[in-house]
Number of protein chains: 2
Amino acid sequence: MKSEGKSTINDVARIAGVSKKTVSRVINRSPLLNGETRAKVEAVIEELGYVPNPQARALALRRNFLIGLIHDNPNAQMVLGVQTGILEAIRGTEFALVVHPVDRGSPTMLDDIRSFLDRQRLYGVMLLPPISENDALAQVCREAGARYVRMGSARLDDDIHMVASNDREAVAAATRHLIEQGHSRIGLVAGPHGFRSAAERRAGFEQAMTEAGLKVPRSLVADGTYRFESGIAAGDRLLDVTPRPSAIVCSNDEMAAGVMHAARQRGLTIPDDLSIVGFDDTAIASHIWPPLTTVRWPIIPMARAAAAKLLAGAVEGEDDAEEPSMFLSTLIRRGSVAAVKG
Amino acid sequence: MKSEGKSTINDVARIAGVSKKTVSRVINRSPLLNGETRAKVEAVIEELGYVPNPQARALALRRNFLIGLIHDNPNAQMVLGVQTGILEAIRGTEFALVVHPVDRGSPTMLDDIRSFLDRQRLYGVMLLPPISENDALAQVCREAGARYVRMGSARLDDDIHMVASNDREAVAAATRHLIEQGHSRIGLVAGPHGFRSAAERRAGFEQAMTEAGLKVPRSLVADGTYRFESGIAAGDRLLDVTPRPSAIVCSNDEMAAGVMHAARQRGLTIPDDLSIVGFDDTAIASHIWPPLTTVRWPIIPMARAAAAKLLAGAVEGEDDAEEPSMFLSTLIRRGSVAAVKG
DNA sequence: TTGTAAGCGTTATCAA
DNA sequence: TTGATAACGCTTACAA
């Protein structure tokens with residue numbers, strides 16, 4: 001709070017009448033320090049409003065106090081939720097969050113990430129799906145000496161490197177919900193090939209159907225891209241089938257909104273003529289009409305846990321608390337599901 | 001590409017047979033350098049795959065190559081759009097983006113930001129609305145010696161510190177569009193007090209109405225918070241007025257979605273019974289039914305321009321191109337507006 | 001328990 | 001046009 005915020009460790013040392021190393025020890029909470037000395041130094045630090053220079057520390061420690069977030073823009077809400085979670089975890093620490101979106105379509109993606117890692121010498125990085133599913137990427141992180149934690153829809157790595165949601169079980173539960181409402185002709189709008197989340201969600205759907213003794217004809221499964229437009233197209237396809245499905249499970253909310261459009265354009269009423277469930281519980285789910293029954297996965301807590309894993313040991317207090325590696329999703333019942341007619 | 005990515009300026013200097021200062025000159029593109037020497041050094045750099053250590057540079061230069069994004073979570077789409085724009089501007093440079101959300105409700109917000117600035121010694125920061133409207137915050141940036149650029153819905157600062165959209169004119173245009181469709185009883189769902197964007201949008205609405213010789217009774221203006229729920233409440237209030245408005249201008253899409261819910265719950269059909277326009281053109285606008293007529297403001301180009309302003313001079317090539325400070329929004333006509341019923 | 005000296009990898013100063 | 005040498009602010013040996 002005093003004068004210019006430019007006092008250094010030398011100023012503190014001089015005024016406190018100790019060596020810089022002693023000040024350094026105070027900063028780094030070295031255990032072997034005379035309580036009196038510590039108090040004296042702390043008083044000076046307080047008076048001067050001294051803040052250690054992170055650049056100098058980074059240089060001396062050969063490590064930055066930066067957490068990287070590497071993603072390929074899955075969707076805005078998810079990216080922002082993750083950022084929120086990470087920031088909750090690093091609040092009050094000296095860590096900062098740097099975001100680094102990449103393009104998974106680019107052939108140089110891995111090289112780009114590698115050079116980003118080499119250059120910034122980050123403390124660690126968080127990897128979001130779908131690129132978090134890329135084992136080569138994890139390998140690049142290891143080679144670059146960067147700690148990493150992956151987020152995803154299934155266990156892909158050791159507990160210390162992974163925080164996962166159980167998408168399979170969540171979709172199975174959503175499907176069972178539909179079955180309990182009397183539905184038996186249920187369609188699926190699947191996610192894109194190559195996405196683990198898409199595979200998990202589809203597996204959950206099929207599992208619940210099979211367990212209920214229900215068939216899933218190939219005609220009732222439509223592939224989508226996780227995008228709205230693909231939801232419209234998939235909805236059109238599914239609703240052309242005779243007899244029409246009475247319910248559709250969508251692998252995310254955006255596609256569910258697309259299916260709603262397709263249904264509406266044919267004059268169908270939701271949920272009376274068609275029940276729909278989504279996945280993600282993004283803003284669209286509650287803002288659309290009727291409000292969408294969907295699966296909420298705890299993205300912010302997951303991201304917070306992931307960041308805490310990354311920081312484990314670096315931040316006092318958190319050291320002991322083992323962070324969970326698996327998070328359960330919950331079914332949010334809203335207005336897009338009704339009991340089957342007749 | 002060789003060995004470990006740990007070669008330093010000393011390695012380069014030794015192998016090239018020059019001093020480290022010379023290498024430094026090559027890195028920093030010093031003009032006074034023998035072309036031959038430069039080529040020799042560059043060859044070694046290439047061969048070693050040498051990358052300057054940003055921490056060391058930051059220490060020596062007393063400045064980080066980090067751009068900060070300070071915001072108070074206006075909405076996910078906007079924050080992510082801004083991040084995208086900034087990243088486009090810094091792509092290929094050595095800059096990185098660090099995000100720093102704050103809580104404008106907190107009494108220590110300014111202090112928090114100040115200490116973030118002091119600590120990280122950022123190259124510069126971008127300020128998003130609504131906190132970008134806070135002059136005290138700009139002052140804090142200046143005191144901390146951080147360059148800054150503000151984004152907002154009106155000119156609040158010099159051109160070099162500001163990138164603005166013309167919300168007033170955009171809403172006036174949207175309102176005129178309604179008037180041209182024959183609407184005269186038009187309601188407004190305003191944004192929260194204290195937000196410049198809310199004031200601008202309201203002013204645009206009133207201006208268009210006045211110019212058309214239309215009255216705006218106090219009963220047809222409802223305050224909202226920019227949130228979905230407040231849109232429902234405002235919709236309820238406005239639709240209770242007799243005679244009912246035939247159209248409603250909403251200060252953002254989220255509230256427009258809320259108004260739609262309110263209308264639907266009364267059995268009104270959009271756009272036949274009620275026309276609605278929004279603002280922002282977020283995902284919800286195109287995903288909702290009917291698709292929402294709204295105002296799209298060019299957030300990514302704005303953010304890119306703002307970041308380019310911040311970097312002006314630091315990045316080669318961009319130096320000359322003057323970045324624009326004012327961006328125009330466009331009306332996106334979709335399905336939520338119809339001519340007034342005869 | 002504390003201090004001294006030597007880095008960490010870069011840039012700035014000022015000669016040569 | 002180049003190069004010693006001293007910063008930059010901190011940490012890590014290693015002594016004391």
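Residue numbers begin at 1 in each chain, while the letters A, B, ... track the order of the sequences.
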Touch class at under 4.0 angstrom, heavy-atom based, for B:Val18 against every strand present: sugar-phosphate
Gap between atoms CZ and P, on B:Arg14 and C:dT10 respectively (whole Å): 13 Å
Below 4.0 Å: OP1/OP2 of C:dG9 and any side-chain N or O of B:Asn10: no
Nearest-neighbour nucleotide for the B:Lys20 side chain, D:dG9, C:dT11, D:dT2 considered: C:dT11
Under-3.5 Å donor-acceptor pair between B:Lys21 side chain and D:dA4 base: no
Touch class at under 4.0 angstrom, heavy-atom based, for A:Leu59 against every strand present: base
Nearest-nucleotide pick for A:Arg57, side chain only, options being C:dT2, C:dG9, D:dT11: D:dT11
Among D:dC10, D:dT2, C:dT11, the one nearest A:Ile9 by side-chain distance: D:dC10
Of B:Thr37 and B:Leu61, the one whose closest DNA chain D nucleotide lies more 5': B:Thr37
Distance in angstrom units between B:Glu36 CD and D:dT2 C1', rounded: 14 Å
Spacing between A:Gln55 atom CD and C:dC8 atom C1', to the nearest angstrom: 14 Å
Given C:dG3, D:dT2, D:dC10, the nucleotide with the shortest approach to the side chain of B:Leu33: D:dT2
Per B:Asn34 side chain, nearest of listed nucleotides C:dT2, C:dT10, D:dT2: D:dT2
5'-most by nearest nucleotide on DNA chain D - B:Gly17 or B:Arg62: B:Gly17
Nearest-angstrom distance from the residue atom CD1 of B:Ile27 to C1' of C:dT11: 10 Å
Touch class at under 4.0 angstrom, heavy-atom based, for A:Pro52 against every strand present: sugar-phosphate
Phosphate-side-chain proximity, A:Thr22 and C:dG3, N/O vs OP1/OP2 below 4.0 Å: yes
Nearest-neighbour nucleotide for the B:Thr8 side chain, D:dC10, D:dT11, C:dT10 considered: C:dT10
Carboxylate-amine/guanidinium proximity below 4.0 Å for A:Asp111 and A:Arg114: no
Candidate list A:Leu122, A:Val125, A:Leu97, test side-chain contact (heavy atoms from CB on, under 4.5 Å), partner A:Leu66, passing option: A:Leu122
Which nucleotide in D:dC10, D:dG3, C:dT11 has an atom nearest any side-chain atom of A:Asn53: D:dC10
Nearest-angstrom distance from the residue atom CD1 of A:Ile45 to C1' of D:dC10: 13 Å
Parallel, tilted or perpendicular, as decided by the 30° and 60° cut-offs, for the rings of B:Phe95 and B:Tyr123: perpendicular
Residues B:Asp135, B:Arg150: salt bridge by 4.0 Å N-O rule: yes
Presence of B:Ser24 side-chain N/O under 4.0 Å of C:dT10 phosphate oxygens OP1/OP2: no
Within 45° cone of A:Tyr148 ring axis and under 6.0 Å: A:Arg142 NZ or CZ: no
Rounded distance (Å) that lies between atom P of D:dC10 and atom CD of A:Glu94: 12 Å
Options D:dC10, D:dT2, D:dC8, nucleotide nearest the side-chain atoms of B:Arg25: D:dT2
side-chain N/O B:Ser19 vs D:dT2 OP1/OP2, d < 4.0 Å: no
Distance in angstrom units between A:Lys40 NZ and C:dT1 P, rounded: 15 Å
SB check A:Lys309 A:Glu323 (cutoff 4.0 Å): no
Whole angstrom value for the distance that separates P of D:dG9 from CZ of B:Arg119: 16 Å
